[in-house]
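Encoded as structure tokens, the structure appears first; notes follow it.
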Amino acid sequence: MMIMQQQQQHHQFSQNKSGREIAKEDHIFIMGRLITTTKPLIFYSKLLCFSLLYLFTTLFLALYSLSNSKCFFRSSPLDPLQNSLFSYPSSYGEHKYAVPTTRSTCSSPVFFSDYWDVVQEIKTLRETNRPYSGALRYVRGNADTFGGNLSTLARFSYFDHQNPNARVLCGFLKKFPISESDRIAMEQCDSVVVVSAIFNDHDKIRQPKGLGSITLQEVCFFMFVDDVTLKGFEHHGLISMNSTEYNIGVWRIVRVAKENLYQNPAMNGVIPKYLLHRLFPNSQFSIWIDAKMQLMVDPLLLIHSLVISDDVDMAISKHPFYVHTMEEAMATARWKKWWDVNALKVQMETYCENGLQPWTPKKQPYDSDVPDSALILRRHGIGSNLFSCLVFNELEAFNPRDQLAFAFVRDKMKPEVKINMFEVEVLEQVAVEYRHNLRNSDGTTFKRVSSSGRTKRAHPDLLYVNGSCCSKCQKYLSIMWGDTSNDEGPH
């Protein structure tokens, strides 16, 4: 009864107020006393409420859409980042001709730990693992070529390395032609190193993005170039040829005298790509990135998430289109990525004869036999170092197309190498791809580099030799095309 009387009194009191005052005040009788409370205007404005609801809903949907379209997430998005690292002259055009990506979703996103936690963990690994040794013993000596130009039997003899005292042939049978100051700087890099190379002025030099505030204190950046590329840098005012040492932004530029190496610039680029652990003998982790790519994520975060957290020797992306090695070989011939097509056939038949198998589910956890090797992350140790040496020997024996030797070496070597083959969508998010230079710095058009100047076609079909069936890759092709089952499985 008392509550009803209080409500009637409240109703009568409210009727005496103007509409404006009703919107501002509420009145409650407690213990016979009138209490007046005031609410903010925000609760009485329907338009404002709907606007806020729409704003928060839109923001949530935008963040949800962004998380679905990206392949990596940071636990701390407020990590301190470096400002602009280098200003290029407008004529250089380092960001022209980016290759568009079409993938808007990601099936296996990568999660990055807090930047400062990663820095501390890698520092701890560096301190606890000193002094670092390359874990392999290498063949030394002199030869006419940098890698020794081994026979098939000699190359394959190094695949079984279960005897830790055995020596492995791994290049450097000729001196790598760089300056002594560059060599000392490379040996002093004792944690993480990021490496790239430009030969024959084939690409632009681009600065990495997304670097944490102290990354440049923890990570070394080295770019290997030849004289043609150096002249291009000078043409655009990036360096002075009168200097004894060169730096462009974060990159230390290392001049390589190609006259003492290989005539093919691509093969010279293979040396820092696959023998990186020998050029930087004290580094514990490394990232190789093709010069056509621009790194968009801090290298410490990449090493931690793709290598350390997964406890693997290496991390490399799957190829966006091909699964079988033979598919890559056929594309290499079709699109004239290597001029000697007949040599490609000989290479594949050599691998088929010595146990190369097409990809099947029996090769799990690997979902592919073909990588996109534009980005390679390594933990330097027996697994990745041996793999890199064996791949280099195959590239010297045949051609610089490293995807063709990848699965053969991976599946045949002992001890096994552990590789994280991550999704293509991840590669597209952590690095931006650009097209190669179409012209030299002086404006002239590039010429194809080959010893003959023209493409050498292959002999008749892969399934036939001298007009009769069958080639050494017949079984491989039959399994790849689904004509028979692979009862034996991969060797």
Side-chain angles (χ1 to χ4, degrees), residues 59-82 101-126 128-129 191-194 208-219 221 283-290 293-320 364-368 371-381 383-384 417-433:
L59 181 61
F60 172 80
L61 292 176
L63 292 174
Y64 178 79
S65 174
L66 182 64
S67 66
N68 278 335
S69 64
K70 300 295 182 182
C71 258
F72 57 87
F73 303 90
R74 290 192 180 194
S75 63
S76 177
L78 300 179
D79 293 338
L81 301 179
Q82 291 282 352
T101 58
T102 58
R103 297 171 179 83
S104 59
T105 59
C106 181
S107 59
S108 59
V110 175
F111 294 88
F112 293 144
S113 300
D114 178 77
Y115 173 76
W116 295 107
D117 291 342
V118 170
V119 169
Q120 186 56 50
E121 183 172 348
I122 292 180
K123 279 185 176 180
T124 302
L125 288 173
R126 180 176 60 189
T128 56
N129 291 339
S191 182
V192 177
V193 60
V194 179
K209 291 187 175 182
L211 301 187
S213 58
I214 65 169
T215 294
L216 293 181
Q217 302 173 31
E218 302 296 323
V219 181
F221 291 83
S283 294
Q284 297 181 2
F285 300 94
S286 65
I287 296 178
W288 164 267
I289 183 166
D290 282 3
M293 312 292 289
Q294 181 181 23
L295 198 63
M296 305 300 289
V297 177
D298 190 288
L300 297 174
L301 296 179
L302 286 176
I303 286 290
H304 185 269
S305 295
L306 297 176
V307 176
I308 297 176
S309 296
D310 286 344
D311 191 24
V312 295
D313 301 308
M314 298 173 52
I316 193 170
S317 169
K318 302 174 187 176
H319 194 280
Q364 296 285 357
Y366 301 120
D367 295 325
S368 174
D372 185 330
S373 60
L375 182 71
I376 306 175
L377 302 96
R378 298 178 176 96
R379 181 203 304 263
H380 293 182
S384 67
V417 60
K418 295 191 295 183
I419 303 178
N420 171 18
M421 294 191 71
F422 53 86
E423 298 295 332
V424 180
E425 295 90 338
V426 176
L427 175 63
E428 292 180 346
Q429 296 298 330
V430 302
V432 175
E433 181 178 359

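These numbers come from the heavy atoms of this one structure, side chains and all, not from hydrogens, waters or symmetry mates.
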Nearest heavy-atom pair of S113 and L301: which atoms, and what distance?
-> O-CD2, 3.6 Å

Minimum heavy-atom distance between S191 and I122, given as atom pair plus value | OG-CG2, 3.7 Å

State, without any angle test, whether Y115 and S213 hold a side-chain donor-acceptor pair at a distance under 3.5 Å.
-> no

Distance, nearest 0.5 Å, that separates CZ of F422 from CG of D310 = 10.5 Å

Is it true that a side-chain atom of S286 and a backbone atom of V193 form a donor plus acceptor pair closer than 3.5 Å?
-> no

Under 3.5 Å donor-acceptor, D313 side chain and K418 backbone = yes

To the nearest 0.5 Å, atom CD1 of I316 lies from atom CG of L427 at 9.5 Å

Starting from the C-alpha separation in whole Å, work towards a yes-or-no answer on side chain to side chain contact (heavy atoms under 4.5 Å, CB included) for I287 and F221.
-> CA-CA 10 Å; I287 296 178; F221 291 83; over 6 Å; no

Residues two or more places apart in sequence or in another chain: which of them pass salt bridge (Lys or Arg N to Asp or Glu O under 4.0 Å) with D290?
-> K273

Can you find a pair of side-chain heavy atoms, one from L375 and one from M293, that are under 4.5 Å apart?
-> no

Could you give me the CA-CA distance, side-chain angles and deciding distance for L302 and L295, then say whether side chain to side chain contact (heavy atoms under 4.5 Å, CB included) is met?
-> CA-CA 10 Å; L302 286 176; L295 198 63; 3.7 Å; yes

Compare every heavy atom of A431 with every heavy atom of I289, then report the nearest pair and how far apart it is.
-> CD1-CB, 4.4 Å

Side-chain touch N420/V307, heavy atoms, less than 4.5 angstrom | no

F112 vs D298, side chain to side chain contact (heavy atoms under 4.5 Å, CB included): CA-CA, chis, key distance, verdict = CA-CA 10 Å; F112 293 144; D298 190 288; over 6 Å; no

Walk me through it: do I376 and M314 pass the test side chain to side chain contact (heavy atoms under 4.5 Å, CB included)?
-> CA-CA 7 Å; I376 306 175; M314 298 173 52; 3.8 Å; yes

Residues V417 and S384: closest non-hydrogen pair is CG2-N, 4.3 Å

Might you point out which heavy atoms bring M421 and S317 nearest each other, and give the distance in Å?
-> CE-O, 4.4 Å

Can you check whether Q284 reaches H380 side chain to side chain, under 4.5 Å on heavy atoms?
-> no

Search all heavy atoms of V118 against all heavy atoms of L300 and return the closest pair with its distance.
-> CG1-O, 3.4 Å

At what distance, to the nearest 0.5 angstrom, does CG of D114 lie from NE2 of H304?
-> 10.0 Å

Side-chain contact, heavy-atom cut-off 4.5 Å: W116 with I214?
-> yes

Gap between atom CG of L306 and atom CG of L377 - 0.5 Å precision = 5.5 Å

First locate atom CE of M296, then atom CD of E428, and finally report the distance between them rounded to the nearest 0.5 Å.
-> 13.0 Å

Only counting residues at least two apart or in another chain, list the ones meeting salt bridge (Lys or Arg N to Asp or Glu O under 4.0 Å) with E423.
-> K318

